Amino acid sequence: MSCTPTTQNEHRYCASLAGSIELKWQSDWDAANINVVGNPNDVGFDLSKPKFYCLDMFPYPSGAGLHVGHPVGYIGSDILSRFKRMQGFNVLHPMGWDAFGLPAEQYAIETGVHPATTTRSAIDTFREQLKRIGFSYDWSREFATIDPDYYKWTQWIWLKAYDSWFDEENQKAKPISELISGLEQETICCGDTPWKNLSQTQQDVFVDSKRLAYLGEYIVNWCPKLGTVLANEEVVDGRSERGSHPVVRRSMRQWMFRITAYADRLLYDLKGLDWPESTLRMQKDWIGRSEGADIDFSLDASDEIIRVYTTRPDTIFGATFMVLAPEHPFVESIKTPNVLTYVEEARNRSDVDRMADSKEKTGVNTGMFAINPANGTKIPIWIADYVLMGYGHGAIMAVPAHDDRDHAFATAHSIQIIEVVQPQELCDGCFSGEGIAINSSSEVVSIDGQQTIDAKETIIDWLKTSGFGSGKVNYRLRDWLFSRQRYWGEPFPIVFDEAGKHYPISEASLPVELPTIEDYTPPVSDEPQPLLAKAESWVHTTAGEAGVDPSILSPETPVRREVNTMPGWAGSCWYELRYCSPSCDSRFVDRDAESYWMGNGVDMYIGGAEHAVRHLFYTRFWQKMLFDLGEVSSNEPFKTLFHQGLLTSFAFQRSDKTLVPTTDVEEQDNKFIEKNTGEEVTQIIAKMSKSLKNVVNPDDVIAEYGADTLRLYEMYMGPLEASAPWNTNDIVGAHRFLQRVWRLGIEEESGNLRSCLGAETNEDVERALHKTIAKVTGDIPELAYNTAIASMIEFVNTATNEGCITTNQLDQFVRILSPFAPHISQELYARLGEEGFVCASQWPVFDEAMLTSSTVELPVQIMGKVRGKITIPAEANAEEIEQSALQDERIKECLEGLTVRKIIVVPGKIINIVAN
RNA sequence: GCCGAAGUGGCGGAAUUGGCAGACGCGCCGGAUUCAAAAUCCGGUUCCCGUUUAGGGAGUAUGGGUUCGAGUCCCAUCUUCGGUACCA
């Protein structure tokens, strides 16, 4: 419970006092622009200071407003930012809004209210709530991804990608113009026909096929209910991640990003990043690099060749059949009824079904045979949907003895199994590990007796010399599907002529703004119908009207605008750059500002682990693209990354699993009872969400305790990276601590400074202060805020018990407290007579000598159990310590009748006597 | 299935390179203050045995191991939470 001041303690630190202190200083800070940091070319900007770019993952402002889980990471980054400022850094600490997205559009569908209206009002709510917590953001840099000034440059970057290709040889993106001149000068080859012999159309097709942002015909995840395609990662168990609607696979022409070109660099550059190990692992897995071989199998009845990819070329002698994906091009040529039926079925099977019976391996025998190049054996060719067209070549050599899936398939369809790898140790079931090759020799190649690693090499060498194949590196990563059939996203700056050829909008005509439409209902249809197509007068225009460069297309030409929009990820792929110079209108980011702040990437990036793969991966990709094109100075956007833990909350279920609002539950005798019914309910720990009825609003907490208490409590719950359940009862501990801090300086009766502040320095308090400064100074850069706070509590307890603290001691203490609880610290700082702002003051230094004392107490163990303690001078040597321990009365007693065998002395730590 | 993280009092959690397990907070118990309550302050609080004290024993998911000494290192097992899913 929060306190209410009475006449005796009118000036106690209670919610009302906290509130008035907080609002006063927030407005003073704003008025003084205390958190506005300039840029290198600004007057008065001190370039001699080191820079620190501390960034939060910006939020999607939902209509429900903030809950107490949102600020966890923001408080963490705010403490670090304040600390760095006090240590003399120029700190860039901005905030903005990731504001395009489905919820606002869904709301528009239901109510007809324009998404911009709901989004803007949600942003206002979020901003107000954040400001009330007292964050030190430089709000002058705020922007939202829906601002035309911002998405203009999102479109511009996309056009950059459209106008670039990836030079494999140099592993680097370059402008399309360099590709064309290379082709013209024949330094770059475009296939069998020379460039100059190609028709204009053929040349265009070739160039288009090289663009980093390209139009591709792909099998995509189409969600009829949402009326849009989804990226693979937006599909969970064959259903849409959002809303859980069925997803079907179909072929569509969509804008893609050639992210696979960067697979190697995205993988290799992970090495230099200071990121959580688990996130690095996930990024690696996402790329899924594997080494193996491409092997060409000829067919016994035709001249066709089928290429497969395998990571185990050493098992080629065990390949007893071949499997093609139903979508494999060769399958089209097979017209037998059972194949046609199976392929048709496979196509219609939704991903939901495929997932559901993934254990059962279906397939059909084509009746055709391929020839195993290693031993000339004829092996049957099957078609099965467990082989995916999107990976490798959509065809595999099946080795049932050493691959679980092939084994399951062979068992189900009675296909021969031949063991060709002997395990080092006995094992049961299908063995897919490494071992020694057996049954693997023929006239052309033999690997019997070789270890797997050598056998692979032998086979690859043989493949190369015999022309049957070669070593190959493959990736799990696919190109990034970048089109969505949504309204509330960035429009693509591109138009099509009547023949379907695409033309970019010129930079001068950006942004391509979203048109307003009457009705946001997506056409529910099996045929994809982007919502923007409804804005007919916008869609059908002329090249001149749309802003196509007249030198590539004459202005009167009728054109059709792209009606897809970019996915929600787009705006967050480069926002860290825009913060450097958010109002720059000549460029997406000012060059000097970018190279100063982003020179070696963001110094601390804090956000949830739920973005460990996608957002971070996409942003890294955009950064590398821009880096290659000379637009930015850093190859990686985020040097250091930190994931704050999930704030969970208790929720309560009735026996029928229905949920009870947290507020309707009370605890009685260690049981949880629903107040209205008296029924017992079970407590579960879950994410805070509206549906679980366990949301806690920070506004309520602030009203009851103040923002400083909220900040302190959230940081004190446990390590920042760990999940912990919100427990309203615990907040009072943080509040009491601040009350004691207040009482160190202020008389509760009068509100005056305490008279004892002028007293002499108490040595114990002074030592405790230095120890605390040392601890907090060390903990903040580690983001170990919970232990930093614990040490400050200890200090305040010490000072309170000693009864006295000096002005100077309190002044230093409020400085180290200020990153955590900026308002109360500021108030005390001012009352102590300091001018200006505590957040602009210097971070205190501690005296190393004050951390050690002249005597130490050492525990004495006998056989590993503590039996006594001795107090000795800190500088005592091992010999003296040993003697002192043996002479201790209590130790003597314990050693009676025992023979001392050995004494271990660890100076400053412990003494262990081995005796029996 | 695979990959990753984590299991410490009634609860959230502390514990440098192996060196006094349980810092700090919540809760609980007792006391002060109060007409009373709230708030605040002071003291106690891992469990078991010891009526009190002195003291003793057990104890960091489980079972083993290394070591003078293990929450920490090694092996095996269990549980929970994330991520991923036919990637050949």
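Predicted model, so just to flag it, every value in this text is computed and none were measured. Order of the sequence lines sets the chain letters (A, B, ...), proteins ahead of strands, with each chain counted from 1.
Relative to the side chain of Ala790(A), the nucleotides A23(B), G19(B), C20(B) differ in distance, and A23(B) lies closest. The side chain of Thr787(A) lies closest to A14(B) when the candidates are A14(B), C20(B), G12(B). Distances were taken from every side-chain heavy atom of Arg743(A) (C-beta onward) to each of C42(B), U40(B), G12(B); the shortest belongs to U40(B). Among C3(B), A14(B), U84(B), the nucleotide with an atom closest to any side-chain atom of Asn786(A) is A14(B). Nearest nucleotide to the Arg476(A) side chain, out of U84(B), G55(B), A88(B): U84(B). Considering only side-chain atoms of Ile793(A), the nucleotide from U40(B), A88(B), C24(B) that sits closest is C24(B). Residue Tyr716(A) has its side chain nearest to G12(B) when only A88(B), C26(B), G12(B) are considered. For Met282(A), the listed nucleotide lying nearest its side chain is G83(B); candidates were C3(B), A88(B), G83(B). Side-chain atoms of Thr311(A) lie closest to A88(B) of the nucleotides U84(B), A88(B), G19(B). Of the candidate nucleotides A58(B), G13(B), C86(B), C86(B) has the atom nearest to the side chain of Tyr386(A).
Using modelled atom types and a 3.5 Å distance limit, the side chains of His11(A) and Ser750(A) yield no donor-acceptor pair. Tyr342(A) and Thr362(A) share a side-chain donor-acceptor pair at under 3.5 Å. A donor and an acceptor atom, one from each side chain of Ser432(A) and Asp403(A), are nowhere located under 3.5 Å apart.
Taking side-chain N and O atoms only, Arg12(A) has no distance below 4.0 Å to OP1 or OP2 of A39(B). A sub-4.0 Å separation between OP1 or OP2 of C26(B) and a side-chain N or O of Arg736(A) is present. Taking side-chain N and O atoms only, Arg867(A) has no distance below 4.0 Å to OP1 or OP2 of C20(B). Within the 4.0 Å cut-off from OP1 or OP2 of U40(B), at least one side-chain nitrogen or oxygen of Gln739(A) is found. Taking only side-chain nitrogens and oxygens, Lys361(A) never comes nearer than 4.0 Å to OP1 or OP2 of A88(B).
One can place NZ of Lys775(A) at 10 Å from P of A14(B), the figure rounded to the nearest angstrom. Regarding Lys902(A), its NZ atom lies at a distance of 9 Å from the P atom of G69(B), rounded to whole Å. Spacing between atom CZ of Arg614(A) and atom C1' of G83(B) amounts to 11 Å, rounded to whole angstrom units. One atom, CZ of Arg307(A), and another, P of A88(B), lie 18 Å apart when rounded to the nearest Å. Atom CG in Asp730(A) sits about 10 Å away from atom C1' in G13(B), given to the nearest Å. Residue Glu748(A) contributes atom CD, which lies 10 Å from atom P of U40(B) at whole-angstrom precision. Distance Asp404(A) CG to A85(B) C1': 14 Å, rounded to the nearest Å. Straight-line distance from the CG atom of Asp285(A) to the C1' atom of G1(B): 14 Å, rounded to whole Å.
Searching all strands for a Watson-Crick or G-U wobble partner of A14(B) with both distances below 3.5 Å returns nothing. With a 3.5 Å ceiling on both atom-pair distances, the Watson-Crick or G-U wobble partner of C2(B) is G83(B). In this entry G19(B) has C68(B) as its Watson-Crick or G-U wobble partner, both defining distances falling under 3.5 Å. For G43(B), the paired base is C29(B) (Watson-Crick or G-U wobble, both distances below 3.5 Å). In a base pair of the Watson-Crick type (N1 to N3 plus N6-O4 or O6-N4) or a G-U wobble (N1-O2 and O6-N3), with each distance short of 3.5 Å, U62(B) is matched with A76(B). Under the Watson-Crick and G-U wobble criteria, each requiring two contacts below 3.5 Å, nucleotide A38(B) is left unpaired.
A distance below 6.0 Å separates the ring centres of His735(A) and Tyr705(A). The distance between the ring centers of Phe737(A) and Tyr716(A) does not fall below 6.0 angstrom.
Rounded to whole Å, the P atom of A14(B) lies 13 Å from the corresponding atom of A23(B). C68(B) sits 28 Å from U77(B) when the P atoms are compared, rounded to a whole Å. The C1' atoms of U67(B) and C74(B) are separated by 12 Å, rounded to the nearest whole Å. Rounded to the nearest Å, the gap between the C1' atom of G7(B) and that of G63(B) is 16 Å. Comparing the P positions of U60(B) and A21(B) gives a spacing of 12 Å, expressed to the nearest Å. Atom C1' of U33(B) sits at a distance of 23 Å from the matching atom of C26(B), rounded to the whole Å. Rounded to whole Å, the P atom of G71(B) lies 42 Å from the corresponding atom of A38(B). For the P atoms, the distance from G10(B) to A61(B) is 14 Å, rounded to whole Å.
Across all strands shown, Ser290(A) has heavy atoms under 4.0 Å from sugar-phosphate atoms exclusively, and none from any base. Across all strands shown, Pro719(A) has heavy atoms under 4.0 Å from sugar-phosphate atoms exclusively, and none from any base. Heavy atoms of Val914(A) sit under 4.0 angstrom from primed sugar atoms or phosphate atoms, though from no base atom. Residue Lys472(A) is classed as having no contact, given no heavy-atom separation below 4.0 Å to the nucleic acid. If you check every strand for non-hydrogen atoms under 4.0 Å, Asn801(A) touches sugar and phosphate atoms only. Residue Arg740(A) is in sugar-phosphate contact alone, with no base atom involved, counting any heavy-atom pair closer than 4.0 Å across all strands shown. Residue-level contact check: Asn797(A) touches the backbone only, with heavy atoms under 4.0 Å from sugar-phosphate atoms and none from bases.
Rounding to the nearest 0.5 Å places CG of Asn877(A) at 9.0 Å from CD1 of Ile872(A).
Here the options are Asn786(A), Thr787(A), Leu783(A), the test is side-chain contact (heavy atoms from CB on, under 4.5 Å), and the partner is Pro719(A); only Asn786(A) passes.
For Ala651(A) against Asn694(A), the heavy-atom pair with the smallest separation is CB-ND2, 3.8 Å. Listed here is the closest heavy atom pair of Met688(A) and Thr648(A): CE-O, 4.3 Å. The two residues Val420(A) and His402(A) make their nearest non-hydrogen contact at N-NE2, 2.9 Å.
In this entry the base of G57(B) is anti relative to its sugar, with a glycosidic angle more than 90° from 0.
Map Glu610(A) and Glu794(A) each onto its nearest nucleotide of RNA chain B; the residue landing nearer the 5' end is Glu794(A). Of the two residues contacting RNA chain B, namely Thr800(A) and Ala722(A), the nearest-nucleotide position lying further toward the 5' end is that of Ala722(A).
Side-chain atoms of Lys909(A) stay outside donor-acceptor range of the base of C20(B), with no qualifying N/O pair under 3.5 Å. Between the side chain of Asn912(A) and the base of C68(B), a donor-acceptor pair under 3.5 Å is found.
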